[in-house]
Amino acid sequence: CADAAMYHAKSMGRSNYQFYSHDLGSKASEYIAIGTSLRQALRNNEFVLHFQPQMDLLTGKLLGAEALLRWHHPLHGLLPPDDFIGVAEESGLIVEIGEWVLENAFNAIVELNRLRDDKLTVAINLSARQFLYNDLLAAVSRLLEKTGCLPAWVKLEIRESLLLEENPDVMAVLNAFKAMGITIAIDDFCTGYSALSYLGQFPVRQVKIDRLFMQDVVQQQDRAELVNAIIRIAQALHLELVAEGVESASQLAFLREKGCTMAQGFFLGKPMLLEELKQLRPELLGIA
Ligand code: C2E
Ligand code: MG
Ligand code: MG
Ligand code: MG
């Protein structure tokens, strides 16, 4: 995936600290200020989860949703994770925030599935930092029990870089999740520098194609070949594949033609509140 990763890095220009990067001079103090208000945000319940539908492209059915964190900041309004996850990670607060996310995502899927015969899944993003604490496994087990959420309803999304860390605990924790029946997914697949040889050693069941690969996939031949190659890699490794960032009918048609069977993106549904997700009528999307 090295070529794909380079391609990705060039097109991305990651802007992690958007809302306080205007003035580099005040960066440190704003950084501390965000850290302090993140703590308050937890106490004051200022976080909210949005849920983005994940669809089965063969049947047109809703499979589940990815939980995406937002912060209702009292002054700055609704902030996307890229504005504060970095600070949360570096301050260690991501552990507490991450547990808040787990508990609320579990509650949401329990509520959704209560009324359904076809059970949905919830995908939850984990930071590498959450693995540094041995009690991630304990926290997940405890919160599953507390909420009544079944492991089969849970997908945990990690970055490929986590697999390269020389941390034997990561492997043990991932194996334990798998043994419980939780699905492990690799987020932003092929955007890092991890070697494919690593993948087979880990209990990974699913990979997600980053939305930047989907841009211009219909217009640009090299982009199309790249995505096609990623799809074939996933198939060769017997991994489930979810395409992110599907914004048009033509991208969707491309994916279906190439044999990618799961997708999420603005064309299929933007991240939405749980109440909206409950009322979603996937058949109206006409992708079946
Ligand atoms: P991600 O996990 O790769 O999530 C997908 C991102 O793409 C989301 O951005 C989503 O809103 C956006 N997206 C989905 N479909 C489309 C589309 O069709 N077009 C475009 N332009 N964008 C689309 P969001 O919500 O801003 O999240 C950004 C990143 O923040 C996530 O990337 C994830 O890495 C991280 N994140 C989100 N929630 C959490 C969390 O609870 N914990 C941790 N540790 N990280 C989180
Ligand atoms: Mg994700
Ligand atoms: Mg992703
Ligand atoms: Mg992504």
Side-chain angles (χ1 to χ4, degrees), residues 12 14 47-72 77-85 97-98 100-113 116 118-127 149 152-159 182-189 191 205-215 217 227 240-252 254-256 260-288:
M12 184 132 177
R14 216 183 156 85
F47 290 113
V48 60
L49 289 179
H50 285 188
F51 296 90
Q52 183 173 37
Q54 296 183 320
M55 313 293 295
D56 182 331
L57 300 185
L58 294 178
T59 62
K61 277 196 177 143
L62 182 67
L63 293 170
E66 177 173 6
L68 295 160
L69 184 62
R70 275 101 184 83
W71 176 11
H72 264 296
L78 196 66
L79 297 179
D82 285 345
D83 280 358
F84 60 89
I85 288 283
I97 295 173
W100 183 92
V101 170
L102 285 165
E103 178 164 359
N104 283 273
F106 290 172
N107 274 327
I109 199 68
V110 167
E111 194 178 326
L112 270 173
N113 281 343
R116 300 182 69 102
D118 55 330
K119 302 303 183 192
L120 302 178
T121 58
V122 66
I124 300 166
N125 295 282
L126 290 180
S127 292
C149 178
W153 300 345
V154 176
K155 294 181 177 171
L156 297 177
E157 298 191 2
I158 57 171
R159 297 278 177 72
I182 291 174
T183 294
I184 304 296
I186 303 289
D187 210 351
D188 308 337
F189 184 55
T191 63
R205 191 166 116 194
Q206 182 178 92
V207 293
K208 299 183 74 179
I209 308 182
D210 195 72
R211 66 186 163 87
L212 282 143
F213 291 121
M214 291 309 300
Q215 280 173 13
V217 78
V227 171
E240 291 177 6
L241 181 68
V242 178
E244 278 186 346
V246 177
E247 294 184 350
S248 69
S250 49
Q251 286 173 328
L252 194 68
F254 172 89
L255 290 169
R256 298 176 85 177
C260 175
T261 57
M262 292 186 251
Q264 64 186 90
F266 292 170
F267 181 72
L268 300 168
K270 293 202 170 180
M272 57 185 80
L273 292 169
L274 182 63
E275 291 308 312
E276 297 171 89
L277 186 66
K278 277 190 199 163
Q279 277 146 41
L280 192 73
R281 293 285 167 269
E283 58 273 20
L284 294 183
L285 289 168
I287 62 169

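Only heavy atoms go into these numbers, but all of them, side chains included; no hydrogens, no water, no symmetry mates. Along the sequence shown, the residues carry numbers beginning at 1.
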>> Show, in sequence, the C-alpha distance, side-chain angles and deciding distance for Trp153 and Asn113, and conclude whether the side-chain contact (heavy atoms from CB on, under 4.5 Å) test is met.
In response: CA-CA 9 Å; Trp153 300 345; Asn113 281 343; 3.2 Å; yes
What are the two closest non-hydrogen atoms of [X] and [Y], and how far apart are they?
X      : Y      : answer
Leu241 : Met262 : O-CB, 3.4 Å
Gly269 : Gln52  : O-NE2, 3.0 Å
Cys149 : Phe106 : CB-CB, 3.8 Å
Phe51  : Leu277 : CB-CD2, 3.8 Å

> Under 3.5 Å, is there a donor-acceptor pair between the side chain of Gln251 and the main chain of Ser248?
Replying inline: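 Such a contact is found between Gln251 side chain and Ser248 backbone.
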>> Whether the side chain of Lys61 engages the backbone of Asp56 through a donor-acceptor N/O pair (distance < 3.5 Å, no angle test) should be reported.
In response: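 Checking the backbone N and O of Asp56 against the side chain of Lys61, no donor-acceptor pair under 3.5 Å is found.
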> Should the pair Asp188-Arg159 be classified as a salt bridge under the 4.0 Å nitrogen-to-oxygen rule?
Replying inline: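 Arg159 and Asp188: salt-bridged.
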>> Below 30° counts as parallel, above 60° as perpendicular, anything between as tilted: where do the rings of Trp71 and Phe84 land?
In response: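 Perpendicular.
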> Side chains of Gln264 and Glu244: is there a donor and an acceptor less than 3.5 Å apart?
Replying inline: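 Absent: no donor and acceptor within the cut-off.
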May I ask you to test the [X]-[Y] pair for a side-chain heavy-atom distance under 4.5 Å?
X      : Y      : answer
Glu247 : Phe266 : yes
Val48  : Leu78  : yes
Thr191 : Phe213 : yes
Gln206 : Lys155 : yes
Val217 : Phe254 : yes

> Among all residues two or more places apart in sequence or in another chain, which pass the side chain to side chain contact (heavy atoms under 4.5 Å, CB included) test with Asn125?
Replying inline: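 Applying side chain to side chain contact (heavy atoms under 4.5 Å, CB included) to Asn125 gives Glu66, Leu68, Glu157, Asp187.
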>> For Ala263, give me all partners under side chain to side chain contact (heavy atoms under 4.5 Å, CB included), at least two apart in sequence or on another chain.
In response: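 For Ala263 the side chain to side chain contact (heavy atoms under 4.5 Å, CB included) partners, ignoring immediate neighbours, are Leu57, Ala243, Val246, Leu255, Leu268.
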>> Here's a test for you: under side-chain contact (heavy atoms from CB on, under 4.5 Å), which of Leu102, Ile182, Ile109 qualifies with Val154?
In response: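 So, applying the side-chain contact (heavy atoms from CB on, under 4.5 Å) to Val154 and each of Leu102, Ile182, Ile109, only Ile182 qualifies.
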> Residues two or more places apart in sequence or in another chain: which of them pass salt bridge (charged side-chain N to carboxylate O under 4.0 Å, His left out) with Glu111?
Replying inline: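 Residues passing salt bridge (charged side-chain N to carboxylate O under 4.0 Å, His left out) with Glu111: Lys278.
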>> Between Arg70 and Asp83, is the side-chain contact (heavy atoms from CB on, under 4.5 Å) condition met? List the steps.
In response: CA-CA 9 Å; Arg70 275 101 184 83; Asp83 280 358; over 6 Å; no
> Given Leu62 and Met55, is the side-chain contact (heavy atoms from CB on, under 4.5 Å) satisfied, shown in steps?
Replying inline: CA-CA 5 Å; Leu62 182 67; Met55 313 293 295; 3.8 Å; yes
Measuring from atom [atom1] of [X] to atom [atom2] of [Y], what distance do you get when rounded to the nearest 0.5 angstrom?
X      : Y      : atom1 : atom2 : answer
Asp118 : Leu63  : CG    : CG    : 9.5 Å
His50  : Leu274 : NE2   : CG    : 10.5 Å
Leu156 : Ile186 : CG    : CD1   : 11.5 Å
Leu112 : Asn107 : CG    : CG    : 11.0 Å

> Going through the distances and angles, do Phe47 and Ile97 end up as a side-chain contact (heavy atoms from CB on, under 4.5 Å)?
Replying inline: CA-CA 9 Å; Phe47 290 113; Ile97 295 173; 3.9 Å; yes
